[in-house]
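Notes for the one structure printed next.
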2 protein chains.
Amino acid sequence: MANKSLTRMTRQRMAILNVLRSTTSHPTADWVYAHVRGTLPKISLGTVYRNLNLLRDAGEIQELTYGSNFSRFDGNPTEHPHFHCTSCQRVYDLDFDAETELAQRAEKISGFKVERTRLEFEGVCADCLNSKKRE
Amino acid sequence: MANKSLTRMTRQRMAILNVLRSTTSHPTADWVYAHVRGTLPKISLGTVYRNLNLLRDAGEIQELTYGSNFSRFDGNPTEHPHFHCTSCQRVYDLDFDAETELAQRAEKISGFKVERTRLEFEGVCADCLNSKKRE
DNA sequence: TTAGATGCAAAGGGTTTGCAACGTC
DNA sequence: GACGTTGCAAACCCTTTGCATCTAA
């Protein structure tokens, strides 16, 4: 899981990790910033962002985005799984239906009302797998 | 699926929809803008954004983002489903494991290498369901 | 000692919005 | 004719980055 290792453990990094470990609220960077300032009033937003990215790269935390912070659009409005290639950045449609069953399972477990199910895969597509072989 | 209806069908809206319907590349707003300019050179980026949002709200297309265009972070780096409440915006962890099986299924179908699986639900959480009842 | 981290502030980049003119129904 | 839509440009807002200073190992 850990892809890159963190060489130094600074007070700032520790504080950010502590804040994240002590909540299940899936906070934004700004929320983390606000809360870390409780113990480190002089920390900067830039430091928060840098550490969030480093911690994510190290596999210590996960970032909830769809690959990037900008949108992609799909002309097909029906639910279907997507595959996002981390090498060429293409997004593929996958042709299998799991959403209905997953939604039912989620509703049963949580008691919530599911209105939309999203299944996304990340990895390397066939094209990129092949070009890596040739290298 | 269609929540809001589109009252007027302008040339711009039609062109944007055509571009989206004629590709499976899951383009960005900017890509759509560039391609629509082939037929409507004077269209503005603002119009593209406005129409993408309207078409999404009408259920004609879907937007691939994680609810918003900014990140949320999870102190738990292991794969697990999330539930995003569209009413209170909270993000919940869901406690069931489907990712491993789904990843295998996706690999079998696509021939791609899956490195990460993401399962996200959108809907209304128990708290919000209850407060709606009381209204 | 020194490579990596921080604070600060400015820059970046995708997205939204105010407004007057325009076009669809 | 009325009201939604467009073009344009400025504003927004989250995130990144340059630089001098500091600090963990």
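The sequence lines fix the lettering, A, B, ..., with proteins before strands; numbering per chain opens at 1.
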Nearest to the side chain of A:Y49, which nucleotide is it out of C:dC25, D:dC8, D:dT16? D:dT16
For A:T28, answer base if it contacts any base atom (sugar-phosphate contacts may also be present), sugar-phosphate if it contacts only those atoms, and nothing otherwise; contact means non-hydrogen atoms under 4.0 Å. nothing
Specify the residue among B:R11 and B:N53 whose closest nucleotide of DNA chain C lies further upstream toward the 5′ end. B:N53
Residues, nucleotides or ligands: over 12 heavy atoms within 6.0 Å of B:R21 CZ: yes
Under 4.0 Å, heavy atoms only, any strand: does A:F70 hit a base, just the sugar-phosphate, or nothing? sugar-phosphate
Closest of D:dT16, D:dT23, D:dT6 to the A:R8 side chain is D:dT23
Calculate the interatomic distance between B:I43 atom CD1 and C:dC22 atom P; express it in whole Å. 17 Å
How many Å lie between CZ on A:F73 and C1' on C:dG14, as a whole number? 11 Å
Tightest non-hydrogen contact, residues A:V114 and B:F121, listed as CG1-CD2, 3.8 Å
Candidate nucleotides D:dT16, C:dT15, C:dT17, ranked by approach to the side chain of B:R50 - the nearest: C:dT17
C:dA3 C1' sits how many Å from A:L54 CG, rounded? 14 Å
Do B:E63 and B:L52 make a side-chain contact, defined as non-hydrogen atoms from C-beta onward lying under 4.5 Å apart? no
Atom-to-atom span, CG of B:L6 to P of D:dT6 - whole angstrom: 11 Å
Do the rings of B:W31 and B:H35 sit parallel, tilted or perpendicular, given the 30° and 60° boundaries? parallel
Distance test, side-chain N/O of B:S71 to OP1/OP2 of D:dC14, below 4.0 Å: no
Student check: side-chain heavy atoms of B:Q12 and B:R50 closer than 4.5 Å: no
Just how far, in rounded Å, is C1' of C:dC8 from CG of A:L40? 16 Å
Any side-chain N or O of A:T47 less than 4.0 Å from the OP1 or OP2 oxygen of C:dG7? yes
Starting at CG of B:L64 and ending at C1' of C:dT15, how long is that distance when rounded to a whole Å? 17 Å
Would you kindly give the CG-to-P distance between B:L52 and C:dG14, to the nearest whole Å? 14 Å
By nearest heavy atom, map B:N69 and B:Q12 onto DNA chain D; which one lands nearer the 5' end? B:Q12
Between A:H26 and B:D93, is any pair of side-chain heavy atoms under 4.5 Å apart? yes
Of B:R13 and B:L45, the one whose nearest nucleotide on DNA chain D sits closer to the 5' end is B:R13
Look at the side-chain N and O atoms of B:S44 and state whether any lies under 4.0 Å from the OP1 or OP2 oxygen of D:dA9. no
Describe the nucleic acid contact of B:D30 in one word from base, sugar-phosphate, nothing, applying a heavy-atom distance below 4.0 Å. nothing
Report the distance from atom CE of B:M9 to atom P of D:dT5, rounded to the nearest whole Å. 10 Å
Which of these nucleotides, C:dT24, C:dG4, D:dA24, is closest to any side-chain atom of A:T7? C:dG4
